[in-house]
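Atom set for the values below is all heavy atoms of this structure, side chains included, hydrogens, waters and symmetry mates excluded. Numbers for residues simply follow the sequence, beginning at 1.
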Amino acid sequence: MQPVFSRERVGTYAADMVYGITAVTDAWQPGRVVDVSAAMQSVTARTLFSTSIGDQDVSDIQHCLVVLFSGVYRRMTAPLGLWEKLPTPGNRRFRAAHDRLRGLIHRIVRAHRRAAGGHDDLLTALATAHGDGADGS
């Protein structure tokens, strides 16, 4: 995967990053509080999945990540791994967020692969580096 993050490749992602940052910051208004963490997650999602990702998908990904990060923290502090097997509300939310995020990613990747024209973005580079090329192989 190292070639995906070479100096030359990272430079090609700059346009997607600028687009994502502009889309987020254009919505900011003077005097309003901004959740910078959520804004940066939005930029990251738009950069990874290219600019074609919709606002609802970004919001869904952000929600899933909050639940997953919390669940991962709980799992890290429970060394035996027994707690995560119980059907607690937190564990059910974790599993639902995990499944939702996987579904979103699979749908986004499928749509990306079906889109006409070649892609020169991070998602294509990662899929190609992993051996799951954007051509569906």
Quiz prompt | Pair Q62-V66, side chain to side chain contact (heavy atoms under 4.5 Å, CB included): steps then yes or no | solution = CA-CA 6 Å; Q62 288 173 319; V66 168; 5.7 Å; no
Exercise. Please indicate whether R102 has more than 12 foreign heavy atoms, meaning atoms of other residues, nucleotides or ligands, lying under 6.0 Å from its CZ.
Key: no
Quiz item: Closest heavy-atom contact between V24 and A39?
Solution: CG1-CB, 3.5 Å
Quiz prompt | Closest non-hydrogen atom pair between A97 and C64, with its separation | solution = O-SG, 3.5 Å
Quiz prompt | Gap separating the CD atom of Q41 from the NE2 atom of H63, nearest 0.5 angstrom | solution =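 Taking CD in Q41 and NE2 in H63, the distance rounds to 12.0 Å.
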Quiz item: Quick one: CD1 on I105 to CZ on R110, what's the gap to the nearest 0.5 Å?
Solution: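 I105 atom CD1 to R110 atom CZ measures 11.5 Å (nearest 0.5 Å).
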Check whether [X] and [Y] end up in the same hydrophobic cluster, where Ile, Leu, Val, Met, Phe, Trp and Tyr are linked by side-chain heavy atoms less than 4.5 Å apart.
X   : Y    : value
I21 : V58  : no
V43 : V34  : yes
M76 : L65  : yes
F69 : L104 : yes

Exercise. State whether the side chain of T22 and the backbone N or O of V18 hold a donor-acceptor pair below 3.5 Å, judged by distance alone.
Key: yes
Decide yes or no for [X] and [Y]: does some side-chain heavy atom of the first lie under 4.5 Å from some side-chain heavy atom of the second?
X    : Y    : answer
N91  : R75  : yes
I108 : I61  : yes
M40  : V36  : yes
V67  : R100 : no

Quiz item: Is R74 close enough and on-axis enough to F94, meaning under 6.0 Å and within 45°, for cation-pi?
Solution: no
